[in-house]
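Counting begins at 1 with the first residue of the sequence.
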Amino acid sequence: MSSDVKLTIELPTGIFLEKNVPGVLLPAVRAPIEVLPERAPSVFVLDYGVVEVTGRGADTKEKYFIYPGMADVAQNHCKIMTQAVVAASSVNVNSAKELAENAKDDVERLFYQMIVDHLRGVRKRYLRTLKVFAKKSGRLVFKK
């Protein structure tokens, strides 16, 4: 039995993080998912949220804020594919608020607002708060 999971966080521009960790908590759309060694192969859709690297005693060692994306888990490897990632250690409430105010679009603004909310202790779901589809396309529109 393996004692670690290889965690890889990939961006469109390349690999952001690659390391062996005891466990990972993923912000899956339906519910948070914990990935531990020897987990069955799975694919998850990820929401805006926090990827938490857990230690041996279930304590959180590191946190990374991510855009929605996908996670592929197989053979003690958890590969996360996302558009953007920010290490929690590199941001505070004031810098995240400034980034949200200067965001180029609603998607980016929502990402930085999620970081602000998390750092303030506010926990909520984000994927469904964004109007994902336009009404004129004839598709379902998600509303607040």
Side-chain angles (χ1 to χ4, degrees), residues 1-93 95-97 99-100 103-144:
M1 183 173 202
S2 178
S3 61
D4 283 330
V5 173
K6 182 179 179 183
L7 172 64
T8 305
I9 300 177
E10 291 185 11
L11 299 169
T13 56
I15 294 176
F16 172 81
L17 175 77
E18 190 167 54
K19 66 191 300 184
N20 289 330
V21 299
V24 182
L25 188 63
L26 302 174
V29 169
R30 291 189 174 226
I33 300 292
E34 187 170 19
V35 177
L36 297 171
E38 305 300 326
R39 181 181 174 87
S42 309
V43 175
F44 303 103
V45 176
L46 303 177
D47 197 352
Y48 288 93
V50 182
V51 171
E52 297 182 30
V53 175
T54 57
R56 298 271 177 238
D59 57 321
T60 300
K61 294 170 55 176
E62 301 169 44
K63 292 182 179 182
Y64 300 94
F65 299 105
I66 64 165
Y67 263 54
M70 299 288 294
D72 181 15
V73 179
Q75 300 173 351
N76 292 329
H77 187 195
C78 177
K79 182 165 70 169
I80 297 170
M81 294 151 283
T82 185
Q83 288 284 101
V85 62
V86 173
S89 61
S90 70
V91 68
N92 60 41
V93 173
S95 62
K97 280 174 66 176
L99 290 166
K104 64 181 180 215
D105 58 30
D106 288 342
V107 174
E108 189 174 286
R109 190 171 299 105
L110 181 61
F111 176 64
Y112 290 115
Q113 185 60 50
M114 178 269 302
I115 294 172
V116 170
D117 290 345
H118 182 84
L119 293 174
R120 287 183 171 164
V122 176
R123 305 290 189 265
K124 61 183 179 180
R125 303 295 297 207
Y126 293 90
L127 184 67
R128 305 231 188 276
T129 63
L130 184 65
K131 292 181 181 174
V132 179
F133 301 108
K135 282 186 178 181
K136 61 184 168 187
S137 70
R139 295 183 183 167
L140 180 64
V141 177
F142 294 110
K143 296 182 180 181
K144 284 187 176 183

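- Under a 3.5 Å cut-off, the side chain of Asp105 and the backbone N or O of Val107 do form a donor-acceptor pair.
- Residues Pro22 and Leu36 approach most closely at O-CD2, 4.0 Å, considering heavy atoms.
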>> side-chain contact (heavy atoms from CB on, under 4.5 Å), that's the test. Do His77 and Val5 meet it? Break it down for me.
In response: CA-CA 6 Å; His77 187 195; Val5 173; 6.0 Å; no
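- Partners of Thr13 by side-chain contact (heavy atoms from CB on, under 4.5 Å), not counting sequence neighbours, listed by chain and number: Leu11.
- Under the salt bridge (Lys or Arg N to Asp or Glu O under 4.0 Å) criterion, the residue pairs touching residues 7-18 are Lys6-Glu18, with sequence neighbours excluded.
- Looking only at side-chain heavy atoms (C-beta outward), Ile33 and Arg39 come within less than 4.5 Å of each other.
- Put simply, the side chain of Val53 does not reach to within 4.5 Å of the side chain of Lys63, judged on heavy atoms.
- The closest donor-acceptor contact from the side chain of Thr82 to the backbone of Ile80 lies at 3.5 Å or more, if one exists at all.
- Leu17 is linked by a side-chain contact (heavy atoms from CB on, under 4.5 Å) to Leu7, Ile9, Lys19, Tyr64, counting only residues two or more places apart in sequence or in another chain.
- Checking each of Val91, Val50, Val93 against His118 for a side chain to side chain contact (heavy atoms under 4.5 Å, CB included) leaves exactly one that passes, namely Val50.
- Taken from CD1 in Ile115 to NZ in Lys97, the straight-line distance is 14.0 Å, to the nearest 0.5 Å.
- Residues satisfying the side-chain contact (heavy atoms from CB on, under 4.5 Å) criterion with Gln83, sequence neighbours excluded, are Pro12, Tyr67.
- Side-chain contact between Arg109 and Asp106: present, with at least one pair of heavy atoms (C-beta onward) separated by less than 4.5 Å.
- By the 4.5 Å heavy-atom criterion applied to side chains, Leu26 and Phe44 are counted as neighbours.
- Using a 4.5 Å cut-off on side-chain heavy atoms (C-beta onward), Pro41 and Val73 make no contact.
- Qualifying side-chain hydrogen bond (donor to acceptor under 3.5 Å, both in side chains) partners for Ser95, counting only residues two or more places apart in sequence or in other chains: Asn92.
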> For Asp4 and Asn76, what are the C-alpha separation, side-chain angles and deciding distance, and is it a side-chain contact (heavy atoms from CB on, under 4.5 Å)?
Replying inline: CA-CA 7 Å; Asp4 283 330; Asn76 292 329; over 6 Å; no
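- When side chains are defined from C-beta on, Val43 counts as touching Met70, because their heavy atoms get closer than 4.5 Å.
- Judged by distance alone, with hydrogens and angles left aside, the side-chain atoms of Thr54 form a donor-acceptor pair with the main-chain N or O of Gly23 at under 3.5 Å.
- Proximity of Val86 to Phe111: side-chain heavy atoms (C-beta onward) are separated by under 4.5 Å at one or more points.
- Evaluation of the side-chain contact (heavy atoms from CB on, under 4.5 Å) rule for Ala100 yields Tyr112 as partners, not counting sequence neighbours.
- For the atom pair CD1 (Ile66) and CG (Asp47), the distance works out to 8.5 Å, reported to the nearest 0.5 Å.
- When the salt bridge (Lys or Arg N to Asp or Glu O under 4.0 Å) test is applied to Arg120, no partner is found at least two apart in sequence or on another chain.
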